[in-house]
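Written below as structure tokens is the structure these notes are about.
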Amino acid sequence: MVATTETSLVISNSDYQRLVQLIEDNDSPAAEALDIEIGRATLVADAQLPADVVAMDSEVTFEDLDSGEQKTIQLVFPAQANVDQLKISILSPVGSALIGLRIGSSIDWPVPQGKVRRLKVIAVKQVN
């Protein structure tokens, strides 16, 4: 299953290079899903990445459109992931669903047990 989104993804060149390396180093379904997602992204120079796009290390507020619940997380590489600090790995289902989306974009993302989460990006803050 592949996620569907209303808009295209945008990823900076440096994030793309680091994500490709991560995918090459991880033989897992999560890495495969991330590979599919970034493969459909538009790549831009780091300086040209719009401020409203979810990038690595961004703080992202998103809404689960089914439950109405909002959550703010920081999107990080697996080594920095810490659920207690709301630092979520790019290899998690939510992490790979959010990368490259803009404020206002939404995505339908398949999760275990055949369910689909519908997420909408509410706010993005670039941390680095």
Side-chain angles (χ1 to χ4, degrees):
M1 269 189 270
V2 177
T4 58
T5 182
E6 297 171 1
T7 59
S8 62
L9 304 177
V10 179
I11 297 178
S12 71
N13 287 326
S14 65
D15 276 356
Y16 180 80
Q17 293 303 320
R18 291 171 52 195
L19 292 171
V20 167
Q21 187 62 53
L22 177 67
I23 291 164
E24 289 175 358
D25 293 344
N26 284 273
D27 183 22
S28 68
E32 229 174 89
L34 178 59
D35 190 30
I36 291 168
E37 283 301 287
I38 68 169
R40 63 188 189 87
T42 299
L43 301 181
V44 298
D46 293 8
Q48 301 302 315
L49 186 72
D52 67 343
V53 170
V54 178
M56 293 307 300
D57 298 316
S58 295
E59 285 183 4
V60 185
T61 301
F62 63 92
E63 179 179 357
D64 183 314
L65 294 175
D66 295 318
S67 70
E69 177 186 358
Q70 287 191 9
K71 184 176 276 190
T72 300
I73 58 102
Q74 184 176 9
L75 187 60
V76 298
F77 285 93
Q80 289 80 43
N82 182 321
V83 175
D84 293 335
Q85 295 176 357
L86 298 175
K87 292 184 177 186
I88 305 301
S89 171
I90 184 65
L91 290 180
S92 71
V94 169
S96 56
L98 293 172
I99 189 74
L101 292 178
R102 297 181 95 126
I103 293 172
S105 296
S106 61
I107 189 165
D108 294 340
W109 189 254
V111 292
Q113 291 123 15
K115 297 181 180 179
V116 174
R117 290 185 74 184
R118 298 178 335 125
L119 307 177
K120 181 176 182 179
V121 177
I122 305 298
V124 175
K125 178 182 176 188
Q126 303 303 338
V127 175
N128 289 338

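No experiment lies behind these values; they were computed from the predicted model shown. Side chains included, hydrogens not; waters and symmetry mates left out as well; all remaining heavy atoms used. In this chain, residues are counted from 1 in sequence order.
Here the CG atom belonging to L19 is positioned 6.0 Å from the CD1 atom belonging to I11, to the nearest 0.5 angstrom. Atom CG of L9 is separated from atom OH of Y16 by 12.0 Å, given to the nearest 0.5 angstrom. Atoms CD1 and CG, on I99 and L34 in that order, are 7.5 Å from each other to the nearest 0.5 Å. With rounding to the nearest 0.5 Å, the separation of CD in E59 from CG in L75 is 11.5 Å. Residue L65 holds its CG atom at 7.0 Å from NZ of K120, rounded to the nearest 0.5 Å. The structure places CZ of R118 at 12.5 Å from CD1 of I107, a figure rounded to the nearest 0.5 Å.
Cluster membership check: V60 does not share its hydrophobic cluster with I122, using side-chain heavy-atom separations under 4.5 Å among Ile, Leu, Val, Met, Phe, Trp and Tyr. Put simply, V94 and V124 are part of the same group of oily side chains (I, L, V, M, F, W, Y) that touch within less than 4.5 Å, one to the next. Using a 4.5 Å cut-off between side-chain heavy atoms of Ile, Leu, Val, Met, Phe, Trp and Tyr, with links allowed through other members, L43 and I90 fall into the same hydrophobic cluster. With hydrophobic clusters built from ILVMFWY side chains whose heavy atoms lie under 4.5 angstrom apart, V20 does not share a cluster with V10. When the side chains of ILVMFWY residues are joined at heavy-atom separations under 4.5 Å, either directly or via intervening members, V121 and I73 end up in a single hydrophobic cluster.
Salt-bridge annotation for D64 and R117: present, with a side-chain N of the basic residue lying under 4.0 Å from a carboxylate O of the acidic one.
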Q: Report the C-alpha separation of I103 and V54 in whole Å, then their side-chain angles, then the decisive distance to 0.1 Å, and conclude whether the side-chain contact (heavy atoms from CB on, under 4.5 Å) test is met.
A: CA-CA 8 Å; I103 293 172; V54 178; over 6 Å; no
**Q.** Test log, rule side chain to side chain donor-acceptor pair (under 3.5 Å), inputs S96 and E37
**A.** CA-CA 7 Å; S96 56; E37 283 301 287; over 6 Å; no
Q: Output, in order, the C-alpha distance, side-chain angles, deciding distance and verdict of side-chain contact (heavy atoms from CB on, under 4.5 Å) for F62 and Q70.
A: CA-CA 6 Å; F62 63 92; Q70 287 191 9; over 6 Å; no
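When every heavy atom of V53 is checked against every heavy atom of Q126, the shortest pair comes out as O-NE2, 2.7 Å. Closest heavy-atom contact between A31 and N26: CB-O, 3.3 Å. For L91 against P78, the heavy-atom pair with the smallest separation is CD1-CG, 3.7 Å.
For the residue pair Q17/N13, the side-chain donor-acceptor check at 3.5 Å is not satisfied.
Between the side chain of N82 and the backbone N or O of K87, no donor-acceptor pair lies under 3.5 Å. The backbone N or O of E69 lies less than 3.5 Å from a partner atom in the side chain of S67, making a donor-acceptor pair. At least one donor-acceptor pair closer than 3.5 Å links the side chain of D46 to the backbone N or O of S14. For the pair Q74 (side chain) and A81 (backbone), a donor-acceptor distance under 3.5 Å is absent.
A heavy-atom distance below 4.5 Å is not found between the side chains of S106 and L119.
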